[in-house]
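Ligands are counted one by one from 1 in listed order, and the atoms in each one are counted from 1 as well.
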Amino acid sequence: MEPIHDPDKDHPSSENSDIISALREENDTLHRIIELLPGNVYWKDTEGKFLGCNKNMAYVAGVESPDDITGKTTVQLFGEKLGNPVNQIDNQVMREGKEHTIEEQGVTSNNQPAIYLSKKLPVYNKQGKILGTMGVSFDITDRKRMEKELKIAKEIAEASERAKSRFVATVNHELRTPLASILGLVDLLKEGDLNDRDLEKTTTSIEKSTQYLLNLVNDVLDFSKLETGKYTLQLGPVNFSHLLRDLRDMFRPLIRNRDIVLRLETDKNLPNFLLGDEHILRHVLLNFVSNAVKYTKKGRVTIKTQMLQQTEKYVRLKISIKDTGIGIPEDKLDEIFQPFQQLNDTWASRNGTGLGLTIVKKLIETMGATMEVESKPGKGSTFSFTMDYPFPDENYPIIEKKPLPNVNREMTRQPIVLVIEDDPIIQFIHRKLLINIGCVVDMVDNAADALRILNETHEMIFLDLSLPDIRGPALIKKIRETTPYTCPIVIISAFIDKEEEIACMKAGAIESITKPVSQAKLRELILQHCYPPDES
Ligand code: ADP
């Protein structure tokens with residue numbers, strides 16, 4: 001190790017060569033130790049000029065050997081940006097006369113930015129006069145990066161934990177509010193002395209609250225599937241023109257008595273079939289149109305389809321839903337896509353869950369489409385999404401749907417139907433609905449009784465998907481394999497996943513519908529499957 005230069009100190013002059021060689025040996029040992037140290041070791045005079053360093057320090061300074069550094073300052077070696085802060089610390093160490101441990105900016109031997117943990121201390125002679133500084137610096141760039149990554153990961157985990165708790169608390173509140181209303185309304189009904197107007201109001205309110213609960217449960221299920229990445233695309237040929245016309249027809253009764261025109265502007269060259277996920281498309285469009293109708297008092301809602309590009313393989317489609325409604329302030333445009341964010345009103349009057357757009361945004365991302373929103377308060381909003389839809393190939397056969405029956409037809413006889421359902425309340429409801437439309441109902445609550453009473457007079461079977469003793473696909477198989485009867489089987493369930501639905505269809509079911517089932521739907525099914533087209 002080179003000694004700190006002390007101009008005031010006299011060099012010892014000794015004739016004793018043993019002492020000199022002992023000192024040399026000690027010096028060599030110190031040198032070796034310094035070279036062994038993993039970091040940069042250096043010592044400087046009071047003007048910040050290097051007096052010596054180890055090899056690591058020399059490499060970092062971009063020179064061959066420690067000797068090349070001697071006499072140079074940090075600014076000369078590393079420039080002002082890195083050198084000036086180092087000088088400041090060195091001066092502080094000498095001024096205060098105490099050691100400092102700091103993190104400082106530097107470079108690696110490859111001239112890459114680095115962070116060093118440095119310890120610097122003042123050096124004195126025996127008389128206590130300051131001679132300069134010495135220091136050791138370790139490259140802690142990797143450690144700092146890891147610390148930063150860990151901090152970010154921790155913050156993300158904490159934020160997601162907070163979001164989850166907030167989500168659960170909100171769902172809890174959103175479930176309890178309509179449930180409390182329903183219980184209160186049922187109490188009113190039990191009291192029994194309501195006039196016709198109040199009775200109508202009470203039942204309508206119960207219907208609204210339960211419909212809201214159903215929407216909420218469906219939305220939360222979709223939301224959690226999307227959050228956990230369990231939502232898989234179900235691709236098939238989609239007839240966009242039909243889909244959009246269906247959508248318009250669905251909303252027509254809703255706006256009949258309102259001052260709104262619902263228009264469809266579809267590109268004339270739109271191909272008949274394109275490959276897409278019909279379920280997602282329907283969900284997204286339904287949501288946009290239903291919001292447009294909900295938040296427009298007067299004016300126009302337009303569903304516009306533009307073909308932006310067409311190649312041999314795909315068509316780039318932009319679908320926009322434009323309204324002339326209340327609009328959304330610019331600073332709220334991000335907010336409306338957050339769970340449970342509603343800018344106006346409460347659930348009771350609008351029946352919205354505040355999850356609609358959150359789900360839509362995730363569905364659009366799942367499809368791989370891009371979304372745009374433009375809005376001006378008082379003028380209206382346009383929600384649109386653009387995506388490339390391939391033409392379906394032979395892997396996606398186009399199945400034309402059976403034409404829907406003329407629902408105004410009369411039922412000319414009383415079809416006998418078998419209902420397999422274990423829940424007494426659902427039994428009561430389905431029996432009533434089927435009798436109302438003119439059916440004769442045989443009701444059983446288990447698979448064994450169903451197989452025992454099934455006979456050639458039954459024209460249709462309504463089967464609950466999850467009976468206590470058997471699941472739907474297994475019972476359909478049993479019916480088809482152990483009896484000669486081929487009447488259509490319709491699955492009724494509170495919730496069915498795609499896999500189980502396919503299993504039911506493969507086993508021989510013709511359709512699956514979800515509870516609550518409407519009288520109109522049951523009538524439509526009976527007309528469609530129990531009456532051949534020419535029978536009326
Ligand atoms: P909700 O189910 O309550 O309608 P959404 O997630 O679909 O929830 O929408 C969130 C909020 O965004 C709504 O409460 C409403 O304030 C606002 N919003 C959505 N669509 C429109 C629109 N077309 N015009 C004006 N405001 C809208």
Side-chain angles (χ1 to χ4, degrees), residues 163 166-167 169-178 181 208-227 231 244 247-248 250-251 254-255 258-265 280-304 318-366 369 371-385:
R166 224 178 19 242
F167 183 79
T170 318
V171 172
N172 187 4
H173 170 262
E174 296 286 310
L175 283 172
R176 280 173 197 278
T177 313
S181 311
K208 264 193 179 176
S209 298
T210 36
Q211 189 57 51
Y212 168 80
L213 276 176
L214 191 64
N215 292 346
L216 180 66
V217 170
N218 284 337
D219 280 356
V220 169
L221 277 177
D222 278 350
F223 181 75
S224 72
K225 263 198 215 162
L226 285 161
E227 279 285 278
Y231 213 105
L244 295 165
L247 197 72
R248 182 197 52 197
M250 193 192 286
F251 279 92
L254 251 175
I255 56 166
R258 295 180 51 190
D259 209 354
I260 301 178
V261 182
L262 180 57
R263 279 180 47 187
L264 215 53
E265 280 180 21
I280 292 189
L281 278 163
R282 207 175 270 278
H283 190 127
V284 169
L285 290 166
L286 249 170
N287 222 286
F288 283 153
V289 178
S290 125
N291 275 345
V293 166
K294 209 154 57 173
Y295 299 108
T296 304
K297 262 209 176 107
K298 192 176 164 189
R300 202 178 309 140
V301 172
T302 313
I303 310 169
K304 186 170 175 180
K318 178 172 181 174
I319 307 184
S320 322
I321 290 82
K322 185 177 163 93
D323 65 58
T324 55
I326 57 172
I328 303 156
E330 201 176 340
D331 60 331
K332 303 278 181 205
L333 281 177
D334 281 337
E335 213 174 281
I336 57 169
F337 293 99
Q338 301 300 320
F340 298 113
Q341 289 300 326
Q342 297 179 317
L343 305 182
N344 3 256
D345 269 342
T346 58
W347 67 270
S349 55
R350 297 187 298 98
N351 227 14
T353 62
L355 274 176
L357 286 180
T358 316
I359 294 171
V360 162
K361 184 166 179 244
K362 282 186 189 283
L363 286 175
I364 286 181
E365 282 164 11
T366 308
M371 186 176 68
E372 282 171 73
V373 191
E374 282 168 37
S375 192
K376 272 217 167 81
K379 295 259 182 254
S381 316
T382 307
F383 289 78
S384 55
F385 59 101

Polar proximity ligand 1 side, Ile326 side, N/O cut 3.5 Å exclusive: no
Nitrogen or oxygen of Asp323 less than 3.5 angstrom from that of ligand 1: yes
Sub-4.0 Å atoms of ligand 1 with respect to non-hydrogen atoms of Asn287: 7 (O)
Polar side-chain atom of Ser375 near backbone of Gly380 as donor-acceptor pair, under 3.5 Å: yes
Side-chain donor/acceptor of Arg258 to backbone N/O of Val293, under 3.5 Å: yes
Name of the residue among Ile336, Ile364, Leu285 meeting side-chain contact (heavy atoms from CB on, under 4.5 Å) with Phe383: Ile336
Does [X] have a heavy atom less than 4.0 Å from any atom of ligand 1?
X      : answer
Lys294 : yes
Phe383 : yes
Ser381 : yes

Pairwise distance CG(Leu254) to CG(Leu262) - rounded to 0.5 angstrom: 10.0 Å
Rounded distance [0.5 Å steps], CZ in Arg248 versus CD1 in Ile255: 10.0 Å
Leu357 and ligand 1 - part of the residue with a heavy-atom distance under 4.0 Å: both
Exercise: identify the closest heavy-atom pair between Asp219 and Gly356: OD2-N, 4.3 Å
